Structures are given as structure tokens and as C-alpha cells.
Amino acid sequence: MTSLIAQLSDIVGQAFGDEGIDKSFGLVRFSDRPDLAQFQCNGAMAAAKAAKKNPRTVAETIIQKLQSNPDFSKIEIAGPGFINLTLTDEALGKYISLLTSDDRCGVEQVGHNETIMLDYGGPNVAKPMHVGHLRSSIIGDSIRRILQFSGYNTVGDIHMGDWGTQMGMMISELEIMHPDWVYFDENYTGDYPIDPVVTMEDFEEIYPRVSALCKTDPERLERSKKAVVDLQSKRRGYYALWQQFVAISLHSMKRNFTALNVHFDLWKGETDVHDLIAPMVEDLQKRGYAIEDEGAIVVHVKKNDDNKEFPPLILYKSDGGVLYGTTDLATIFERVRDYNPARILYVVDKRQGLHFEQVFRAAKLTGIAPEQLELTHLGYGTMNGQDGKPFKTRAGGVLKLEDMISMGQEKALQRIEEAEAAKGLSRDEKDDIAMKVAIAAIKFADLQNSFSADYVFDLDRMTSFEGKTGPYLLYQSVRIKSLLEKADYKTQKNLEIIPTDADRNLILALIELPQVVDVAVRNYTPHVLCDHAYKLAQTFSSFYGNTHIMSESDPAQRQIWLELSHMVLMQLELLLDLVGIKIPERM
RNA sequence: GUCUCCGUAGCUCAGUUGGAUAGAGCACAAGUUUCCUAAACUUGGGGCCGCAGGUUCAAUUCCUGCCGGAGACGCCA
């Protein structure tokens, strides 16, 4: 269905059109001054400027045209030329009545099943997931949900880091620690053991140690690099060991992502395009795009109008190894071949902006990406500590994602034990609620920030349940569920709703949803959904506190309020689903 | 050095193509429960929107310079 704002914009735009002015000036928005009006149009000022006329005179001619419309109870010009509009309760009620039977809550589908691929998550094999992985995962997953709901065919790919230098560090270190392992015997031709020889705990211990060592010891670094090249040329023992790394890591990742309610359609990694690299580079060399430079094979992507140094994309290092730019380029090739997407979105740390610009340019330049394919890097900001530097725990290490989740769950469980409503619930039910509360807290705390800016990580805030938090939204939703159950709510079709002073603000909040989702889709900004969900929940809570629904004597009024409450619940469910938050039945 | 992003209340953050009186949470102060879940509600104090210019009827928003913070800049990811 057409949103109320679109309908109003159409009416006012028509008035502009009748005056020979571009209809787009008739854009109507929610009023910034609810004390003066419900809606406003600022187009008269912009139109007057373009036509060099007095804005109030333009506004005057527009509102003349609108006077005959019976749906407006108030039409006024204010300030320099704002057109303030207020609807009659009948008109507002009519629209909200229609909205009750729309299962999309009034939100239109903008997509036409175009395929959009999203690259997010990007955890590394052989490294435990820490809080830094949170952003990419949940922002990417939310954008995927938003686009899917909006009518696009989305494909989310985890794109694991499974082929880089850290693999060489791990393998070479294990070889130093256990030279006798069969994986390191080059003459061995038999099968390798099935049982894992390493654990996540080993990864946690080994990786930081070797990584630090390689920074200070060039010889040790050389050995790691050598191991990468050997791995990439599929030395049997190394490859078998690497397969173990992947299996172990996948298990751990899946546990984390299941807990976070983050979904991927594809579980691919850099390795998956390995066999595409050699033919791709060969082809690029043949066509003159890839050339040798300082011993490496590169694609020059500098443009004449660049106002800064623009390094080439390196496909092969001088030692023959490939870099993540190489795999990223090959991945674009693979995605175009297999999915022919309209867009590919990369939800990756914004510090990699230059890297993606290089890859995108190379892809376009060489034709690996077709002209019309939209490649966008959605770079999110760094998670900093209170000191403004990248977040570290007090001990100086990283905070593991699963540790943060269990801290939140623990805290939620304590709260549930105190709650009256949770009396009589089983252990499992309580655990389930605690998990949902913890995830809601963590995800909402992160997603309510606009993703592009750096933000300060605060564990206490991530696991806080009061105020503008995920659990607050769950709480309001659960209260509505409980109300509807107690009141034995059943929907009533074609209910005639006439707004009253008690519920008018709530109704106005309910009709905002389509515009909110529209902004989120166009800009890839989940935080506007969080913001609106909170506003809606708060408006409901205020209404709920002032209006006792169950004891309302007029059955028609009671039904209207239940219907409105139900709409709030539907919208909260939708909004929270779009940011990947699940609502429990009780809490 | 070059380029990019950021600077809004004590703290953490919103602020849509430039619009009216710049918002929210936390923290602080005061109040609300015989009544649908108090993880709630109501009220209050709190701001040179980093600084200085410019464009405009109108600038937190656009342009320029400066100050402060973060980041990127050919063989790590």
C-alpha cells in the first residue's frame, strides 16, 4: 500500500504542479514541530528561491489549492514559508484502519528481485573470534535482512580468511614444536590421521605468540612466508593440516554465529577461488593489464585525476605468493560468473578503503566486473577503548566474542531470577530468555550507532538492560504479547478507528515506519531502524502507562486500543527482525 | 609529507535533499505501583554543535583555512 507520506506528497505535489512548479517540491515530511502540526512541506521556500519569488507568496498559492481538501483540519503557513498540515481524525483514522490489515506494515517493496551479494563476517581460520568481529557480522547480516525484506534476492557470504600469512605462521610453528609429526614428513605418501591434532585453545596460544615473534625476527617471518607459499602450492602435509584448521575453526564460528543469530548463505573463503587465480592472471597478462613491476605482477589502477598516490594492485608478490587483493579480484570473477549480481556490498573495516578502491578499479578496468555492477565498500568504524585506541581488555588482550555473550547471558539470568513474571519457568526456558536478552543487548548497543564512525566499546553498556537498549524493546514487546493474551485479542477487519487524545501520538508513530525503512534501505543504515524501534516502543509505553486498556468500558474503544497495540507489536517484531534480534514470549 | 574520516550536554551517541525552539540514553535531582510485566512511567537542571571566515532569506549540515583525534599510503590482512 502507498504510505501516507507518499499520498500527502502526491496531493501537495499536485498543487505545485497546477502552478507550473515541479511536483517534487511538494515533498511532505513529518513535522519537526508536533506542537504546530502533524506534517510539513518545505518546498515553497526552495521553489521560491528557484523562481526568485517570495516564499510566503508561493506558499499562499499552494495552500489555496489545498483548502478544498476535506482531509485537512488545519493548513497554515509559518515562519519564512513552511506549509504546516494537520489531518482530520477521520482521515488519520481511515489510513490507520487500512494499515491494520497490511502484513508488511505499510512498507513497499523497492527491489525487483535483483541479486545483491554481501560480504561480511570475515572471520579468520585458526583465530578465535573476538569482539572486533561483532560489527562486520551483525551490520552485514542486518543489511542483508533489510534488503531481502525490500524485495532483493540477497546472498550473504562469510568470506573467511583462510589462505593468508597467519596460516603460514601456524603451520611453521607447529613444525617447530612437533617436527616429528607425519604432516611434516615430505616423503610420507599415506593418509593423514583423522583425529584433530590441534584445538582452538592451541590457536589462541600460538597465533599471538608467533605473530609477535615475526614482527621482531625477520628469519622467523621468512619461515612463515615460505610455509604460506608451500601451502598455496598444496604441499600434501601442510594442506592436510590446514584442512584440520578449517574444520576446527568452522565449528567454533558456527557456534558464535548461531548464538548471534547471524546468517550466511555461503560459507566460502579465499581458498575457494585459488584455482581461478592462475588463469585469471594469465588472461590479464595476455590482455596487457597485469604487468611485471619490481619483481611482482601488478595491475596499475592509478587514474589521471587522482589527487593522491595510488598504489597498484599486486596480484603476485615477488616470492610468488598471492595477496588478499588477488583473491578478492578472483572472487568478483567467481561471483559474476555464478550469480551475476547487480551489486556486491563489502561490510569490512573502513581502514581497508584504499584496498577496496584498488580492487574495484582493477575489476572495472579489466572487465572482470561488468560496467553496471555496483561495487560498494561499507566501511565500518573501529571499536575503540575508553582511551580512544583500538579496544583491548584490561589485561591487554582481546575479548573473545563468546566470553562477552556469556557475560551478558549470566547477567540476564540474574535478572530473570528476580523477576515475578518468570516464576515457574523451567531452567531451559530461563536460559533461552537470558540468551535472547543478552544478544538483544549486544546487537542493539552496536547497531544503534551509525556504522561508519568509530565508537567507544564499553562492556557495561553492551550488557545493559535499561534505557535505550535491546532488552527494553523486548520488554515492551513482551508486555504487548501478554496484554493481547489476557484480553483474548482477535483481529477485527475493517475496524473504524477514530483517534483520540490518548492514542493520537501512537498512531502518528505507527505511520512513520515506511519512511524509516526506506531510509535504511537507501543508505544501508540499520541504526535508523533501531532508533525508530525505540521511539515506537517508548511512545507505546507512555500510552500504555496513561491508558488502562483492560478496564475500558466501551468495547469498541477497547478493541481499537488492542488493535493499535497489536500493530505496535507487529512493527517491533519487523524492526527487530531486520536487525536480527529475537523476541521471547516472556521475560 | 599526501590523502581520508571524525570533533554535538559530564559520558556514549542520533540529527535524513541546508529549515522553525539542536534530540536520546546513561549519570545527577524529584516524583509514580490496592490497576494490563517498575527491564517501566512522569518532571527537572544541564549546549559558543572544535575555532575563524565565506555562500544563503536560513548553516550542526555546503565551501576555505586553522586547531585537536583516528586512520590509510607497493609485496600483512
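In this text, all values refer to a predicted model and were calculated from it rather than measured experimentally.
- When heavy atoms are screened at a 4.0 angstrom cut-off, Asn546(A) is found touching no nucleic acid atom at all.
- For G23(B), the paired nucleotide is C13(B), the pair qualifying as Watson-Crick or G-U wobble because both relevant distances are below 3.5 Å.
- Residue-nucleotide stacking is present for Phe82(A) and A20(B), judged by a side-chain ring centre under 5.5 Å from the six-membered base ring centre and planes under 30° apart.
- Figure legend. G7(B) is base-paired to C67(B); pairs are counted as Watson-Crick or G-U wobble with both atom distances under 3.5 Å.
- Each of C57(B), C75(B), C36(B) was ranked by its minimum atom distance to the side chain of Pro80(A); first place goes to C57(B).
- Note on Gln476(A): only backbone sugar-phosphate atoms sit closer than 4.0 angstrom, heavy atoms only; bases stay farther off.
- Across all strands, Phe465(A) comes closer than 4.0 Å to base atoms (heavy-atom distances).
- Stacking between Tyr455(A) and the base of U12(B) is absent under the criterion of ring centres within 5.5 Å and planes under 30 degrees.
- Within 4.0 Å of Glu420(A), counting heavy atoms only, lies no atom of the nucleic acid at all.
- Stacking of Lys303(A) on the aromatic ring of Phe310(A) is not recorded, the 6.0 Å distance cut-off and the 45° axial limit not both being met.
- Nucleotides A9(B) and G25(B) are separated by 16 Å at their P atoms, to the nearest Å.
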**Prompt:** Given the rule in the side-chain hydrogen bond (donor to acceptor under 3.5 Å, both in side chains) test, do Thr382(A) and Arg135(A) qualify, once you have shown the distances and angles that lead to the verdict?
**Reply:** CA-CA 9 Å; Thr382(A) 315; Arg135(A) 302 213 80 191; over 6 Å; no
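- A donor and an acceptor atom sit less than 3.5 Å apart, one in the side chain of Asp293(A) and one in the base of G74(B).
- Put simply, Arg479(A) has a side-chain N or O that comes within less than 4.0 Å of OP1 or OP2 on A38(B).
- For C35(B), neither phosphate oxygen OP1 nor OP2 lies less than 4.0 angstrom from any side-chain nitrogen or oxygen of Tyr544(A).
- The distance between the ring centers of Tyr472(A) and Phe444(A) does not fall below 6.0 angstrom.
- To the nearest whole angstrom, the two C1' atoms, one in U64(B) and one in G46(B), are 34 Å apart.
- Note on Thr547(A): a base of the nucleic acid sits closer than 4.0 angstrom, heavy atoms only.
- The separation between Asn449(A) atom CG and U8(B) atom C1' is 15 Å, rounded to whole Å.
- Under the 4.0 Å criterion applied to side-chain N and carboxylate O atoms, Arg223(A) and Glu219(A) are not assigned as salt-bridge partners.
- Considering only side-chain N and O atoms, Lys49(A) lies nowhere under 4.0 angstrom from the phosphate OP1 or OP2 of A58(B).
- Within the 4.0 angstrom heavy-atom criterion, base atoms lie near Leu483(A).
- Using P as the reference atom, A38(B) and A22(B) are 35 Å apart when rounded to the nearest Å.
- For Gln166(A) against A77(B), a side-chain-to-base donor-acceptor contact under 3.5 Å is absent.
- Distance, Phe444(A) CZ to A14(B) C1': 11 Å, rounded to whole Å.
- Pairing each heavy atom of Thr326(A) with each of Leu315(A), the nearest pair is OG1-O, 2.7 Å.
- Counting only heavy atoms from C-beta on, Tyr472(A) has its side chain closest to A40(B) among G74(B), U37(B), A40(B).
- Across A30(B) and C67(B), the matching C1' atoms stand 42 Å from one another, rounded to whole Å.
- In this structure, Ser318(A) does not reach the C75(B) phosphate: none of its side-chain N or O atoms is under 4.0 Å from OP1 or OP2.
- For G44(B) and C5(B), the C1' atoms lie 38 Å apart once the distance is rounded to whole Å.
- Checked by distance alone, Asn42(A) brings no side-chain donor or acceptor within 3.5 Å of a matching partner on the base of A20(B).
- The interatomic distance linking Glu270(A) (CD) with A77(B) (P) rounds to 7 Å, in whole Å.
- Rounded to whole angstrom, the span from the NZ atom of Lys468(A) across to the P atom of G25(B) amounts to 8 Å.
- Between His355(A) and Leu36(A), the one whose closest nucleotide on RNA chain B sits nearer the 5' end is Leu36(A).
- C35(B) has no stacking from His548(A) on its base ring, since the centres under 5.5 angstrom apart and planes within 30 degrees of parallel are not both found.
- Taking atom C1' on both nucleotides, A77(B) is separated from G71(B) by 16 Å, rounded to a whole Å.
- Among the atoms of the strands shown, none is found under 4.0 Å from any heavy atom of Asp518(A).
- Here Ile416(A) lies in heavy-atom contact (under 4.0 Å) with a base.
- Nearest to the side-chain atoms of Met587(A) among the listed nucleotides G19(B), A39(B), C76(B) stands A39(B).
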**Request:** Could you walk me through whether Glu563(A) and Tyr489(A) pass the side-chain hydrogen bond (donor to acceptor under 3.5 Å, both in side chains) test, one step at a time?
**Result:** CA-CA 8 Å; Glu563(A) 205 70 59; Tyr489(A) 161 80; 2.6 Å; yes
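- A donor-acceptor contact under 3.5 Å links the side chain of Arg29(A) to the base of U17(B).
- Dashed line: the shortest gap from a side-chain N or O of Gln538(A) to OP1 or OP2 of G25(B) is under 4.0 Å.
- For the OP1/OP2 pair of U42(B) and a distance below 4.0 Å, the side-chain nitrogens and oxygens of Ser542(A) include at least one atom meeting the criterion.
- Val528(A) comes within 4.0 angstrom of nothing in the nucleic acid, heavy atoms only.
- The residue Gln414(A) sits apart from the nucleic acid: no heavy atom pair falls under 4.0 Å.
- For Ser450(A) and A14(B), the shortest distance from a side-chain N or O to OP1 or OP2 is below 4.0 Å.
- Atom name P, nucleotides C73(B) and A58(B): the rounded distance is 44 Å, in whole Å.
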**Request:** Would you sort out whether Glu466(A) and Arg415(A) count as a salt bridge (charged side-chain N to carboxylate O under 4.0 Å, His left out), showing the intermediate values?
**Result:** CA-CA 12 Å; Glu466(A) 277 127 47; Arg415(A) 191 57 165 272; 2.6 Å; yes
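- For U60(B) and C13(B), the C1' atoms lie 15 Å apart once the distance is rounded to whole Å.
- Across all strands shown, Lys308(A) has heavy atoms under 4.0 Å from sugar-phosphate atoms exclusively, and none from any base.
- Taking the six-membered ring for Trp and the full ring otherwise, Tyr380(A) and Phe451(A) have centroids separated by 6.0 Å or more.
- Taking the nucleotide of RNA chain B with the nearest heavy atom to each of Glu309(A) and Ile549(A), the more 5' of the two is matched to Ile549(A).
- Between Lys225(A) and C76(B) there is a side-chain N or O to OP1 or OP2 distance below 4.0 Å.
- A donor-acceptor contact shorter than 3.5 Å is absent between the side chain of Asn84(A) and the backbone of Ile77(A).
- A 3.5 Å limit on both hydrogen-bonding distances identifies no Watson-Crick or G-U partner for C36(B).
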